[in-house]
Each structure stands twice: as structure tokens, then as C-alpha cells.
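Each remark here refers to the structure printed beneath this line.
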Amino acid sequence: QNLASPMLLWIYCLLMFVSLFSRTSGITLQPIVQPPLILNNTKACSNIDQVLQSLTQSITSLINESVSTNLSCLLNLGSRAQCAADSCHAIAQALPNNPSGYYWILNSTNSAVNVYCDLVRYLNGSRGWMRVAYVNMSDSNQTCPSAWTLYTPPTGVRLCGRPRGPGCFSVNYTTFGVPYSKVCGWVKGYNYNTNDAFNRWNCSSLVTTCVYTAIDQPYLDGVSITRNSPLRQHVWSYVDGGNCPCATNSVFGYTIPSFVGSDWYCQGQGGGNTSNYYNYPL
């Protein structure tokens, strides 16, 4: 007999489709008890076959498209926003022969951002680092960050540094919202004039305690790396001092600020050098 309602026909189609899909995709489903339906309408059966065929073709097309897209992204991880990786490290792990360059990775809001990934060098025992800051003054096309001053000694070396005189001159670099757990990098410096590590520039022998205690103060001669804004946290300090080690001084009595802790390294070539400092990189 004919179905009592078109709704029952669609339910029957759906049950058949679920059963078909479970067999084709390898998913085990609980048995579905179907009501005893008797069909003797050839047109209705033909419609069911057409619907099932159309649904099967659609599902197959979607599966093939998904598999093709995922396979393409696995082979080209980070090559476009749709294939953004979790990190530069993930790209280095999945594609160890890829060169360094710009790739797409996900930030903390799950948005794809285009960043430079160093996939070649092993830093701190692993590969795949996102480059945040890059100032290479050996490249004539490079310019100093706006807070720094360009120095050009007679040898033709191009250097970036703070303006002459005391003070702190910071440059901010964005991480594009990408989460990170380690910071790694290089600093190449030159000892100009008298640098005295953690000593305050206006200290005298009459001062018993001579140290800056706040991270926003000019607490050293050298380069300091901090993170977060506005509540900055100290990461590492590269300290320039005439005599190293430069943790304490018996005359001026200065000490290392508590927020620096043991995360620092001191190096120096002696003080008072203003003529050929560029011949002695630190």
C-alpha cells in the first residue's frame, strides 16, 4: 500500500541513508528498529533511489574534497592561511627540509598570521623559531628603529644605538598574538666610552647604595630584553662593563636589580674608548 504520509517516506530514506553511510565510512552504529513499511509504489521507490544516489554523491564529494584539502595542507603546511600551522616549530617538525621564510601560523585567537620562521638553525636544542625582531645594519637597506640613533664610524660599519647621554630608549616588537614559551637571539655590541654595567651614571663614592630598582629606569649600560606591556617582565640583559664580572663594586656599592636575577651576561673591553671602539665588537 502507499505510505500514509510523505514524512514517513523521508524517515525511511533517512534511515536507509544512515545505514548506508555507516557501512561506507566504517562507523559502527546501534541497530535501528524500523517500522514495517510496505511499498508498492514504483514511483516512490524510484524517488528514494534518486535521493539516496544524490546524497551518496554529495557525501562522497565532500569527503574527497576534505581529504584532498587536508593532504594538500599536510604537504604545504603554513603555505597559506587555510593551511596555517600551530607554530613555526610544528612546520619544522612536519617538513624538516623546508627553508626558512614567511609562513602562516595561528595566534592565540586562532587567527592566521604571516610571520618569518627560522626552520634551519638549532637554537636551544630545537628548530622552528618565529622571528620577532631583526635589525641587521650590515644591510645598507636597513634603518635603525625610530628610538635609536645611527652611528657610522670611519670603517663604514653602520651601528644603531641610544642617543648619547643617560636614559632608556626602547623599541617594541609585536608577537602578533602568537603564544610562546622561550626567547632566543643575538646581540652584537660595541664598547663606546666608559660603560659601567649596573652602576648608575651619576653615582659617587659618597653613595652607599647605588642601583635602579624599577624596570622602567635605565638600570644598566647594555641591552635588555623585556616582554609584556605595560607590566614589563625582564627576560635577559646583555651588560657592557669596563671590568667583568660586574656584579658589585667596592667603591660605588652597586648591585644587580632584583628583577634581573641571574638572567644576564657581562662583557667589556675597558673604558674610555671613543676612537676605535668599532674595532672591538663584544
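- Residues C117 and H89 fail the side-chain proximity criterion, which asks for heavy atoms closer than 4.5 Å.
- Criterion: ILVMFWY side-chain heavy atoms under 4.5 Å apart, direct or through other members. Under it, I91 and F176 are part of a common hydrophobic cluster.
- Under the side-chain contact (heavy atoms from CB on, under 4.5 Å) test applied with Y103, the options N98, V115, L77 reduce to a single match, N98.
- Put simply, Y190 and Y151 are part of the same group of oily side chains (I, L, V, M, F, W, Y) that touch within less than 4.5 Å, one to the next.
- S108 places a side-chain N or O within donor-acceptor distance of the main-chain N or O of G177, the cut-off being under 3.5 Å.
- Residues A84 and L106 approach most closely at CB-CD2, 3.7 Å, considering heavy atoms.
- Smallest separation of non-hydrogen atoms from G261 and I256: O-CG2, 3.8 Å.
- The backbone N or O of V120 sits less than 3.5 Å from a side-chain atom of D118, completing a donor-acceptor pair.
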(message) Run W129 and N124 through side chain to side chain contact (heavy atoms under 4.5 Å, CB included) and show every step you take.
(response) CA-CA 10 Å; W129 292 76; N124 199 32; 3.9 Å; yes

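- Cluster annotation: V187 and W148 are assigned to distinct hydrophobic clusters (Ile/Leu/Val/Met/Phe/Trp/Tyr, side-chain heavy-atom contacts under 4.5 Å, transitive).
- The main-chain N or O of P96 is found under 3.5 Å from a side-chain atom of R127 such that the two form a donor-acceptor pair.
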(request) Check step by step if side chain to side chain contact (heavy atoms under 4.5 Å, CB included) holds for N107 and V178. (result) CA-CA 4 Å; N107 64 12; V178 176; 4.0 Å; yes

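- Among all heavy-atom pairs drawn from R232 and I215, the shortest one is NH1-O, 3.5 Å.
- Within 6.0 Å of atom OH in Y122, 12 or fewer heavy atoms from other residues, nucleotides or ligands are found, so the atom counts as exposed in its surroundings.
- Contact check for C144 versus M137: side-chain heavy atoms found under the 4.5 Å cut-off.
- Of the inter-residue distances, the one linking N76 atom CG with Q82 atom CD reads 12.0 Å to the nearest 0.5 angstrom.
- Using cut-offs of 30° and 60° on the angle between ring planes, the pair Y219 and F259 is perpendicular.
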(message) Please determine whether side chain to side chain contact (heavy atoms under 4.5 Å, CB included) holds for the pair R162 and D221, giving the CA-CA distance in whole Å, both sets of side-chain angles, and the decisive distance to 0.1 Å.
(response) CA-CA 10 Å; R162 71 182 190 192; D221 280 333; 3.5 Å; yes

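- Annotation: side chain of V132 is in contact with side chain of Y173 (closest heavy-atom distance under 4.5 Å).
- Smallest separation of non-hydrogen atoms from S262 and W236: O-CZ3, 4.5 Å.
- Here the OG-CG distance, from S138 to L159, works out to 11.0 Å after rounding to the nearest 0.5 Å.
- Side chain of R158 to backbone of T143: no donor-acceptor contact under 3.5 angstrom is found.
- Cation-pi geometry between R131 and Y116 is satisfied (NZ or CZ under 6.0 Å from the ring centre, within 45° of the ring normal).
- The line from CG of N136 to CG of N141 is 10.5 Å long, rounded to the nearest 0.5 Å.
- Of all non-hydrogen atoms in P163 and A147, the two that sit nearest each other are CD-O, 4.0 Å.
- Side-chain contact of N228 with Q233: a donor-acceptor pair under 3.5 Å is present, judged by distance alone.
- Placement of V135 and F169 within a single hydrophobic cluster is found when ILVMFWY residues are connected by side-chain heavy-atom separations under 4.5 Å, directly or transitively.
- Residues W104 and L95 do not share a hydrophobic cluster, defined by chaining ILVMFWY side chains whose heavy atoms lie under 4.5 Å apart.
- Annotation for L119 and S100: closest pair N-OG, 3.0 Å, computed over non-hydrogen atoms.
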(message) Let's go through H234 and S224 carefully: what are the C-alpha distance in whole Å and the side-chain angles of both, what is the deciding distance for side chain to side chain contact (heavy atoms under 4.5 Å, CB included) to 0.1 Å, and is it a yes or a no?
(response) CA-CA 8 Å; H234 181 266; S224 185; 3.5 Å; yes

